[in-house]
Amino acid sequence: MKFKSFLCMAAAGLMLASCQNNSATGAGSASEAAKADSLMYYFGQFRGIEYKRTAETDTTLSSEDARHEYLRGVQAGLNAVKAGNEAYNQGVSLGMQMAMNMAQFSDDYGVKLSNRGFLKGLREALESDSVADQNEMQKEFYRILGEFNTAKENRDKEAATAALVKEAGAKKLSKITDNLYGSVGNAQGEKLKAGDKVDLKIKITTADGKEVNAPLPGQIQVREKSDDNPLNDALLSLSSGQTGTFMTTAQALFGQRSSQLNLKPEDVLNIEMTPTVAAQTEKAE
C-alpha cells in the first residue's frame with residue numbers, strides 16, 4: 001500500500017476517535033446516542049468502500065488476512081488517542097507518520113531505520129536550552145539521504161541491466177546501447193539525425209503485454225546519442241516512417257518515476273515506435 005494511503009487511514013483513525021470521544025461525552029439522550037452510533041456506522045461503511053476500491057488495484061489488500069489486519073490497525077488507532085491531551089495526541093500522530101515513513105524507506109532502500117535514533121534526536125531537541133542550527137541539520141540530513149539514493153540507483157541499474165541482457169538475449173535482439181536493444185530491419189531511406197523534429201507514434205508494454213500508462217510525447221526533437229535516453233537512441237536507428245521494436249528497462253526509461261507507474265526499476269519494457277519527420281522540419285530543410 002502506498003504511504004499516502006496509509007497516512008489518510010491513520011488520519012481517519014484519529015478523527016474517528018475524536019468524534020467517538022465527543023459523542024460519548026456530549027450525548028444528552030438515548031436518541032442522540034443512537035444517532036451518533038448511526039453516524040459512525042455510515043462513516044465506517046464509507047471507509048470500508050474506499051478500502052475495497054483501493055484493493056482492486058493493490059492486490060496486497062484484497063485477502064481476508066489483509067482486511068483483518070486493517071481492522072486491527074484501525075482499532076489500535078482508535079484506542080491510541082487520549083481525550084483532552086493535545087500534546088499526547090500530536091505525538092501519536094507523529095509516531096504513526098514516522099512509522100509509515102520508516103516502513104516505506106525500508107521497502108525503497110532495503111535499510112531498516114532506528115526508532116532509537118529518531119527518539120534520541122527528538123528528545124535532545126526538546127530538552128536542549130538552545131535551538132540547533134536547522135540549516136546545518138538539513139545539510140547533514142540530505143547529505144546522508146543522497147548517499148542512500150546513490151547506492152539505491154546503482155543497485156537498480158545493476159539489476160535492470162542484468163534483466164535486460166537476459167531478456168534481450170532470449171529474444172535475439174541486437175544491442176544498440178547498454179540500455180537499449182532492438183530490431184529495426186533495413187533502413188527505409190536516410191536515418192533520423194540530431195535536430196530533426198518528428199511526430200511520434202509509440203506504444204510501451206511490459207514483458208507480459210500490459211500497456212504502460214505513462215505520458216508519452218506526440219512530437220519530439222532528436223538529440224545526440226546518449227546512453228541515458230533510450231527513446232532518443234531508438235529514434236537514431238530509424239528513418240522517417242520506419243517502425244522499430246525495442247527493449248529497455250523501467251529504470252532506464254523512467255528512472256525514479258518507475259514506482260509511480262507501478263513498475264519496478266528492473267522491469268523490462270517493449271517499445272514499438274514509428275517516427276515521421278514533422279512538416280516544419282521538412283520545410284526548414
Side-chain angles (χ1 to χ4, degrees), residues 1-110 112-113 115 118-119 122 205-206 208-216 250 254 256-265 267:
M1 182 183 296
K2 300 297 183 291
F3 172 58
K4 288 184 179 179
S5 300
F6 268 124
L7 287 187
C8 290
M9 293 178 185
L14 294 176
M15 186 172 70
L16 279 167
S18 176
C19 292
Q20 191 178 57
N21 289 333
N22 290 338
S23 64
T25 56
S29 67
S31 61
E32 287 181 344
K35 283 192 293 185
D37 284 345
S38 295
L39 180 69
M40 299 312 293
Y41 170 81
Y42 289 118
F43 191 57
Q45 284 281 309
F46 295 153
R47 297 317 297 256
I49 292 170
E50 289 178 5
Y51 180 92
K52 286 187 173 180
R53 286 175 177 168
T54 304
E56 290 176 358
T57 56
D58 187 346
T59 55
T60 62
L61 303 178
S62 59
S63 69
E64 183 178 349
D65 287 343
R67 294 194 298 271
H68 178 68
E69 286 300 301
Y70 175 65
L71 285 170
R72 287 184 59 197
V74 171
Q75 186 64 56
L78 291 170
N79 294 335
V81 171
K82 292 183 178 180
N85 194 333
E86 184 63 23
Y88 180 87
N89 292 340
Q90 287 190 21
V92 169
S93 178
L94 176 59
M96 294 172 72
Q97 292 177 32
M98 285 305 303
M100 298 307 166
N101 269 308
M102 292 162 72
Q104 188 66 56
F105 193 93
S106 179
D107 288 343
D108 290 343
Y109 295 92
K112 185 176 181 180
L113 297 177
N115 288 354
F118 173 70
L119 289 172
L122 178 62
T205 57
T206 59
D208 58 0
K210 293 181 180 178
E211 189 166 355
V212 176
N213 184 22
L216 299 171
F254 299 115
Q256 294 184 347
R257 293 184 299 143
S258 298
S259 61
Q260 300 172 16
L261 302 170
N262 295 319
L263 296 171
K264 296 178 181 179
D267 283 345

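Numbers here simply count residues along the sequence, with the first being 1. Because only heavy atoms are used, hydrogens play no part in the values below, and waters and symmetry mates are left out as well, while side chains stay in. None of the values given here were measured: they were computed from a predicted structure.
- Note that the CD atom of Gln104 and the CE atom of Met100 stand 10.5 Å from one another [nearest 0.5 Å].
- With respect to the salt-bridge test (charged N to carboxylate O, under 4.0 angstrom), the residues Lys35 and Glu32 do not qualify.
- Scanning both residues, Asn213 and Leu261, for their nearest heavy atoms gives O-CD2, 3.4 Å.
- In this structure, a donor-acceptor pair under 3.5 Å is absent between the side chains of Asp65 and Ser63.
- Scanning both residues, Met102 and Asn115, for their nearest heavy atoms gives CE-OD1, 2.9 Å.
- Atoms CG and CG, on Asp267 and Asn262 in that order, are 10.0 Å from each other to the nearest 0.5 Å.
- No donor-acceptor contact under 3.5 angstrom links the side chains of Thr54 and Glu50, judged on distance only.
- Without hydrogens or angle criteria, Asn89 side chain to Lys82 main chain gives a donor-acceptor distance under 3.5 Å.
- Taking a 6.0 Å sphere around CD of Glu64, one finds it holds 12 or fewer heavy atoms contributed by other residues, nucleotides or ligands.
- Heavy atoms only, all atoms of each residue included: Phe118 and Met98 are closest at CZ-CG, 3.6 Å.
- Expressed to the nearest 0.5 Å, how far CD of Gln260 lies from OG of Ser258 amounts to 9.0 Å.
- With a 6.0 Å radius and a threshold of 12 heavy atoms from other residues, nucleotides or ligands, Asp107 has its CG atom above the threshold.
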Working for side chain to side chain contact (heavy atoms under 4.5 Å, CB included), residues Lys52 and Glu56: CA-CA 6 Å; Lys52 286 187 173 180; Glu56 290 176 358; 5.7 Å; no

Going through the distances and angles, do Tyr51 and Arg67 end up as a side chain to side chain contact (heavy atoms under 4.5 Å, CB included)? CA-CA 9 Å; Tyr51 180 92; Arg67 294 194 298 271; 3.8 Å; yes

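- For Gln256, the CD atom counts as loosely surrounded, since its 6.0 Å shell holds 12 or fewer non-hydrogen atoms of other residues, nucleotides or ligands.
- Contact detail for Ala66 and Thr60: the closest heavy-atom pair is CB-O, 3.4 Å.
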